[in-house]
Structure formats: structure tokens, C-alpha cells
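One structure is given below, encoded as C-alpha cells.
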Number of protein chains: 2
Amino acid sequence: MEDYSVLYSYFEKINKRQLSVEEKLEIASVFRKEHFKKKELVMSAGDTNTRHYYIEKGLLRMFIIDQSGKEFNVLFAKEYQWLGDLGTPAETSYFIEALENSSVFSVDEEGFSKIIGYYMDLADNIRKSYIFLQKRFVSILSKTAEENYEDLIGQNPDLVQRLPQYHISSYLGVTPVFLSKILAKRAKKNTK
Amino acid sequence: MEDYSVLYSYFEKINKRQLSVEEKLEIASVFRKEHFKKKELVMSAGDTNTRHYYIEKGLLRMFIIDQSGKEFNVLFAKEYQWLGDLGTPAETSYFIEALENSSVFSVDEEGFSKIIGYYMDLADNIRKSYIFLQKRFVSILSKTAEENYEDLIGQNPDLVQRLPQYHISSYLGVTPVFLSKILAKRAKKNTK
DNA sequence: CAGAAAAAATAAACTAGTTTAAGAAAAACA
DNA sequence: TGTTTTTCTTAAACTAGTTTATTTTTTCTG
């Protein structure tokens, strides 16, 4: 029997009270625990009815592949964060890949609305994602790659540690080569 | 007495039935009809409890001003479209400005949830905005400004007519000078 | 319709970021 | 632990896009 305690804790936290045995049973009945190995694909463009994932452990990325075949990282998600295509059940244009061996609780759209609806405002959830993306959008367009890197390291120092550089560069919208240049410049500054 | 017929039609359309007199009265009681002259500011960064706008006539832009003082157009909205900061009631970081003399129906967050809730799924609305923004984000990062211009003209030919070039350039994330270059190149191609 | 103001075009010098390629360092693995 | 694979660095030539400034064109207004 899989351990659902992290998931229960999550709901107890947002709900600010203990869960009853019945509630736990219901949660366990709609969520499925899944394990993904590093490099394993969780979902692919073209999939319909994609699931939502609450991450127990690990690190994943959501990305797209554009017409020219280039990958572009839209976002990263780690322990205790949600990840999924909010556009479901429509056909997704995103891929999700595990960057570390990860364990997640997954739920389909139906279960998501049902269970999440009890505890949190779904609209509010999407709203937050929207606001996050808007900020990221403006930031990437209005700042230089160097400034955006500084912001990222300021806000998510651990992510920078855990991710290979070429994933960060893709997140920042620049080539790995250019990010490497930025880092070289940065390193020089810091020794001086 | 202001004319609310465009607003009623909107609700009748999404609702797929006629509205009763009582329903119309309720709508009229929560929505306020407002007129904005070209260049007039509808909302400003720092405002809280911003309103939602359903546009009867005209064209507006939502934009931010970054740290360096540069403006950046996030989106345009015209007749029969909704516009507003989905993050309300929190302090907004956006400005909205009328680009043409415009008339709109405005409603506060409370009225929005109340009335809109009857007819449409609010979450779904935000979800759509989110998906739109995600597409735009990826498109701007993965394509050249020239490709993005072609996309825009393909999808919104009228907008390109109605907007001054420098607003389009800001929407595309480039300078007006560079957009002008793109257009010159385009014009040459089309005469050849 | 003239004059003023706003918007667009053009030019030239510049910089942020790309591309390709090759070697160095680090990580994974057997 | 040595070997293979993956990741990172560096270099050099290039391109997309910026900046500043000037001129031309278009739009607005009295």
C-alpha cells in the first residue's frame, strides 16, 4: 500500500484542520501515486485528458517543442507544488519530463475539480498561475538574460543547483552558450 | 438612460436564451456604463479593487511599465471582449488605456463573480486567458519578431489597421524602429 | 486648410544573443 | 577505477534587435 501521508498533509494544511478517515479514503480513491524516473516523459503534446500532478518528491519540467524542433522550458515544479496543463481536457501542446526520479500524486480533471473544489478555490489556483506567467513574461521581455538569471537565483537558489545549465538557459529564453558567458562574467565579478 | 442592449445580448448569447426583465434589471444594477476618450487611463498600477470591463465599442490596451520606465503592451481588447486584471482585488501592476474613444460596461469583482457566475464558469474564463498568454509567451520567445508580426496580421488583421505601429512593436517585444525595418523589408518583398 | 503635433522611415553605430565547432570538465556507469 | 557519456566552456564569426538622431509623412486641431 502506497503512502499518501504527504498528500493528506497538503490538504490538512490548506484546510487548516485534520482530515477524517472518510476524507482520506476519498482522496486516496481519486489520486493515484506514480513514480517517474529521471528523463521519463510524464505527458506529451497531443495527449488529451491530461492529469494534474502534486509532487511529493523530485523535480520536473513542463516544456514545448516549437516548429523548428527547439525545446522551450515553460516552468519547473518540485516537491509540494502542482503541475499540469490547465487547458485539459483539450489536447495539450506541452510535454512534462522528470528531471530527477520523482514521485507524484496524480488526478484526472474530474477528480481535480471534485476534490480540490472542497478545499480551495480552483479559479484562484488558475489565477495564481496566470499571474505568475504574466510576471515571467514581462520580465523576460523587458529585462536582459543576465538580470533574469539574477532574479531566478535570488528567488530559487536551490533550483539553480539542481538543474543542468541548459535547462535554465531554455527557461530564460537564451542559448546554453550565452548563459555560460553570463556565468563566466559573473564569476569574474565575484572574485574581483 | 444608458443603453445596455449590447450587454444583454452578450448574456443572452452565452446563455442561449432570452433574459427576463428581472435579469436585465439585475445586470443593469451591477454594471456601470462608462465612456473613455482616446488616451484616457482606465486603470493604473497601484490601484486596488480594479473593475472588469466588457467593451461595447472601441479599443484599449493593457500594459505595464517596467523598472526602466519602458512600456510593454500585454494585450489589446476591442468590442465584445473582456478586459481587466484577473488578480483583483490585489493591487494591480497594470495600466489600461483607451486607444480609441470607447464605451464599456464595468463591474467590480463582487458583481463579476455574482453575475458572471450564473452564466459562465469563471475558472474557465481565467483558464482561457492563461492559455492565450502561454501561447503568446512561447511564440514570442521561440519565433523572430518578423514571424510574430506575420502571425498577428494573420490572426488579427483589423488590429494592425487600428493600432499605431509603436503599440504593435511593444506588443511584439521589439522597438518601433525595428518593426519599421521589418515592414520595409515586407513591402519590398510584396512589390517584387 | 494651415500649422502643429504625432507617427513612421531611414541611417549608422552599437550590443545582446546565436551558431557552429572543438576541447575540457564533470558525472554516470559498468 | 577507468571509460563513456553528458554537460560546460571558450572562441570566432554572425544576426537580430537597440539606440540615438534626423527627416519625412500622416494625423489632428483651430
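Model, not experiment: these values are computed from the prediction. Here is the naming used below: chain letters follow the sequence lines, and residue numbers restart at 1 for every chain. Just so it is clear, the values below take in all heavy atoms, side chains as well, and ignore hydrogens, waters and symmetry mates.
Screening B/E79, B/K33, B/E56 for a side-chain hydrogen bond (donor to acceptor under 3.5 Å, both in side chains) with B/S103, the sole residue that qualifies is B/E56.
Side chain of A/R186 to backbone of A/E146: no donor-acceptor contact under 3.5 angstrom is found. Put simply, the side chain of A/N101 gets close to the backbone of A/K38: a donor and an acceptor are under 3.5 Å apart. Using a distance-only test at 3.5 Å, with no hydrogens or angles considered, no donor-acceptor pair links the side chain of A/D47 to the main chain of A/M43.
Atom NZ of B/K37 sits about 12.5 Å away from atom OG of B/S102, to the nearest 0.5 Å. Taken to the nearest 0.5 Å, the OG atom of A/S139 stands 4.0 Å off from the CG atom of A/N148.
Listed by residue number, B/V177, B/S180 are the residues of residues 174-181 of chain B with a heavy-atom contact under 4.0 Å to DNA chain C. Contacts between residues 159-167 of chain B and DNA chain C, defined by a heavy-atom separation under 4.0 Å, are made by B/P164, B/Q165, B/Y166.
Minimum interatomic distance between A/K78 and A/N156 (heavy atoms only, all atoms of both residues): NZ-ND2, 4.2 Å.
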Exercise. How does each nucleotide of nucleotides 23-30 of chain C score, in 5' to 3' order, for protein heavy atoms under 4.0 Å: base (B), sugar-phosphate only (S), or none (-)?
Worked result: -----S--

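Note that the first and last nucleotides of DNA chain D, 5' to 3', having any atom under 4.0 angstrom from a heavy atom of chain A are D/dT7 to D/dA11.
A centroid separation of 6.0 Å or more is found between the aromatic rings of B/F72 and B/F63. Here the two rings, on B/Y10 and B/Y80, have centers that are 6.0 Å apart or farther. Not less than 6.0 angstrom separates the ring centroid of B/W82 from the ring centroid of B/F105.
Within the structure, every pair that satisfies the salt bridge (Lys or Arg N to Asp or Glu O under 4.0 Å) test and touches residues 83-108 of chain A, not counting sequence neighbours, is listed here: A/R61-A/E97, A/E100-A/R162.
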Problem set entry | Stepwise side-chain hydrogen bond (donor to acceptor under 3.5 Å, both in side chains) test for A/Y94 and B/Q134 | CA-CA 10 Å; A/Y94 299 96; B/Q134 266 195 347; 2.4 Å; yes

Exercise. Could you walk me through whether A/V74 and A/Y171 pass the side-chain contact (heavy atoms from CB on, under 4.5 Å) check?
Worked result: CA-CA 6 Å; A/V74 175; A/Y171 183 77; over 6 Å; no

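Rounded to 10 degrees, the angle separating the terminal axes of the helix from C/dC1-D/dG30 to C/dA30-D/dT1 is 60°, with each axis obtained from five end pairs.
Looking at B/T92 and B/T50, their side chains never bring a donor and an acceptor atom within 3.5 Å of each other.
Using a 4.0 Å cut-off between charged side-chain N and carboxylate O, B/E109 and B/R51 make no salt bridge.
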